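To start, the structure under review is shown below, and the notes come after it.
All figures in this text were calculated on a predicted structure; none of them were measured in a lab. Just so it is clear, the values below take in all heavy atoms, side chains as well, and ignore hydrogens, waters and symmetry mates. Chain naming here is simple, since letters A, B, ... match the order of the sequence lines and numbering starts at 1 in each.
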Protein chains: 2
Amino acid sequence: MKIYSWNVNGLRACVRKGFLDWLDGSEADVVGLQEVRALPEQLTRASREPEGWHTYFHPAERKGYSGVGLYSRRALDGIENSVNVEAFDVEGRVQIAQLGALKVLNVYFPNGSGKNRDLSRIPYKLEFYAHLREMLAGALTDGERVLVMGDFNTAHRAIDLARPKSNEATSGFRPEEREELDRWLDAGWVDSFRAVHGDVEERYTWWSQRGDVRARNVGWRIDYIYASPAAMEFVVDARIHDQVMGSDHCPISVTLDRAILEG
Amino acid sequence: MKIYSWNVNGLRACVRKGFLDWLDGSEADVVGLQEVRALPEQLTRASREPEGWHTYFHPAERKGYSGVGLYSRRALDGIENSVNVEAFDVEGRVQIAQLGALKVLNVYFPNGSGKNRDLSRIPYKLEFYAHLREMLAGALTDGERVLVMGDFNTAHRAIDLARPKSNEATSGFRPEEREELDRWLDAGWVDSFRAVHGDVEERYTWWSQRGDVRARNVGWRIDYIYASPAAMEFVVDARIHDQVMGSDHCPISVTLDRAILEG
DNA sequence: CGTTCTATG
DNA sequence: CATAAAACG
């Protein structure tokens with residue numbers, strides 16, 4: 001089975017660029033979207049409830065901002081939107097889906113840049129990371145099968161972005177943000193793409209919209225599917241679909257042995 | 001000589017739709033624009049200072065809002081932006097141009113609709129009208145040659161809009177607004193288009209942007225060139241150029257005997 | 001319905 | 001550079 005994550009940068013705009021055709025051609029079982037940037041009622045019916053899919057949305061309270069969504073070929077066994085912190089829940093950043101023995105978290109981690117391109121949102125971002133990490137610590141040590149996928153908004157190591165030197169002070173590659181990802185990996189989470197492909201270079205998931213940056217592949221790898229050790233045993237492939245257009249991010253995926261569903 | 005008035009509904013957008021081609025083909029001597037909606041420095045050089053034209057701008061303080069501009073083939077003999085009321089001056093609504101013995105006021109009269117489509121701006125609109133009328137009363141009685149042209153934002157009589165009955169409560173055709181135009185005409189101002197063409201019907205200068213309203217000519221005549229009696233003696237033609245596209249308003253013009261300039 | 005601005009990324 | 005909203009008309 002195949003699970004995708006994609007920051008669509010506005011689902012309505014992405015639909016105009018062919019999202020539904022991509023969806024039907026994707027052979028996906030589950031797709032997690034970030035930055036939906038629409039209330040469900042603002043979506044066309046064809047994109048809100050496409051034939052053959054079960055869909056779930058967790059929008060932000062603020063219109064046109066953030067928001068996550070899940071598309072699944074079979075109905076989810078459970079869905080939960082709250083992480084029990086009001087300040088996080090109102091921004092529509094997390095969906096926790098249960099599929100048999102597998103738990104999938106679809107997450108839009110906060111961007112660290114604030115109002116005037118400053119770093120004022122980094123504390124919120126780091127608190128969000130820490131809260132989720134602590135919330136999931138028990139599941140990890142209990143050997144549960146968990147995927148945390150989405151736009152992490154942080155490149156972990158120099159190999160994960162084209163211009164590491166010039167971005168050491170930029171939110172998304174600052175030491176305090178990278179150290180938080182260290183803590184996830186130290187806790188036991190596995191970066192599925194790196195586990196499958198090792199230190200391959202120049203594989204990115206996001207490119208600035210300025211200039212011809214994507215054509216020149218001057219990008220960042222900031223979208224991940226993190227697997228618990230128990231889930232990682234079922235991962236048979238991990239991919240970055242950088243040929244797929246429609247957003248400033250590209251989709252990523254993992255292929256899993258279906259046995260992962262049977263506890 | 002030919003003098004035009006046109007509410008361009010954003011000069012930058014209008015330029016993209018061919019404003020400069022229209023300008024050069026217009027045989028205009030003077031063009032007054034309303035709703036420029038740009039600071040001069042936000043305009044391209046080609047539109048701010050086109051070859052062969054002298055240009056003058058009076059923007060609002062608030063960005064992207066209101067603002068008037070004048071294009072003249074020969075340099076103006078004088079230009080004044082203030083009507084000596086701060087609340088009016090900051091909204092960039094008036095330019096007073098002197099061309100020889102002729103005074104031309106290029107005016108963007110306020111829209112009466114407020115924030116929530118309410119009527120909260122009608123008092124401001126009526127005060128603006130009254131202030132300008134009183135300011136010009138002396139010139140009128142002194143026999144000066146004056147044109148007041150622009151977007152008046154009021155249809156005077158039922159003949160001036162396609163749907164008078166259904167708009168009696170709408171700002172733009174309310175009794176208190178129409179009565180203010182009565183006061184201008186009672187004071188001596190002449191509606192140049194009506195003076196030339198009498199009660200011709202279905203001649204409008206503005207159409208809603210919703211639906212196919214312009215194609216069906218469901219419009220309003222709310223742009224006028226008012227002439228003082230002394231100026232009216234030199235008016236040889238008055239036109240509504242409703243075939244000219246580029247805005248939700250169309251240009252209007254008067255043709256004058258050049259002798260109007262020689263006092 | 002369309003222009004422009006602002007917030008956000 | 002792009003998405004979406006808000007204000008205004």
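For D/dA5, one of the phosphate oxygens OP1 or OP2 lies less than 4.0 angstrom from a side-chain nitrogen or oxygen of A/R12. For C/dT3, the OP1/OP2 oxygens have no side-chain nitrogen or oxygen of B/Q209 closer than 4.0 Å. Distances shown here put every side-chain N or O of A/Y65 at or beyond 4.0 Å from the OP1 or OP2 atom of D/dT3.
Across the protein-nucleic acid pair, A/R216 atom CZ and D/dC1 atom P stand 12 Å apart, rounded to whole Å. The CG atom of A/L11 sits 12 Å away from the C1' atom of D/dT3 (whole-angstrom rounding). When rounded to the nearest whole Å, the span between CZ of B/R121 and P of D/dC8 equals 8 Å. Taking atom CZ on B/F109 and atom P on D/dG9, their separation rounds to 15 Å, with Å as the unit. Rounded to an integer number of Å, the gap from CH2 of B/W206 to P of C/dG2 is 13 Å. We find that CH2 of B/W6 is positioned 13 Å from P of C/dT3, with the value rounded to whole Å. Atom-to-atom, CG of B/L43 to C1' of C/dT4 comes out at 13 Å; the value is rounded to the nearest Å. For the pair B/D151 CG and D/dG9 P, the interatomic distance rounds to 10 Å; values are reported in whole Å.
Checked by distance alone, A/R37 brings a side-chain donor or acceptor within 3.5 Å of a matching partner on the base of D/dT3.
Residue contacts for B/R214: at a heavy-atom cut-off of 4.0 Å it reaches no nucleic acid atom on any strand shown. Across all strands shown, A/G114 has no heavy atoms under 4.0 Å from either base or sugar-phosphate atoms. At a threshold of 4.0 angstrom between heavy atoms, the contacts of A/E91 with the nucleic acid are absent. Within the 4.0 angstrom heavy-atom criterion, no nucleotide atom of any strand lies near A/Q34. A/R62 comes within contact range of the sugar-phosphate backbone alone, with a heavy-atom separation under 4.0 Å but no base atom that close.
Here the side chain of B/N111 is nearest to one of D/dA5, C/dG9, D/dG9, namely D/dG9. The side chain of B/Y108 lies closest to D/dG9, out of D/dC1, D/dT3, D/dG9. You'll find that the side chain of B/R16 is closest to C/dT4, out of D/dG9, C/dG9, C/dT4. Taking every side-chain heavy atom of A/K17 into account, D/dA2 is the closest of C/dG9, D/dA2, C/dT3.
A 6.0 Å sphere centred on CD of A/Q243 holds more than 12 heavy atoms belonging to other residues, nucleotides or ligands.
The pair A/E91-A/K125 fails the salt-bridge criterion, with no side-chain N (NZ, NE, NH1 or NH2) lying under 4.0 Å from an Asp/Glu carboxylate O.
Defined by atom type and a distance below 3.5 Å, a donor-acceptor pair is missing between the side-chain atoms of B/D223 and B/W206. Side chains of A/N106 and A/Q95: a donor on one and an acceptor on the other come within 3.5 Å. With 3.5 Å as the limit, one finds no donor-acceptor pair spanning the side chains of B/S247 and B/K17. Side chains of A/D160 and A/W220: a donor-acceptor N/O pair is absent below 3.5 angstrom, by distance only.
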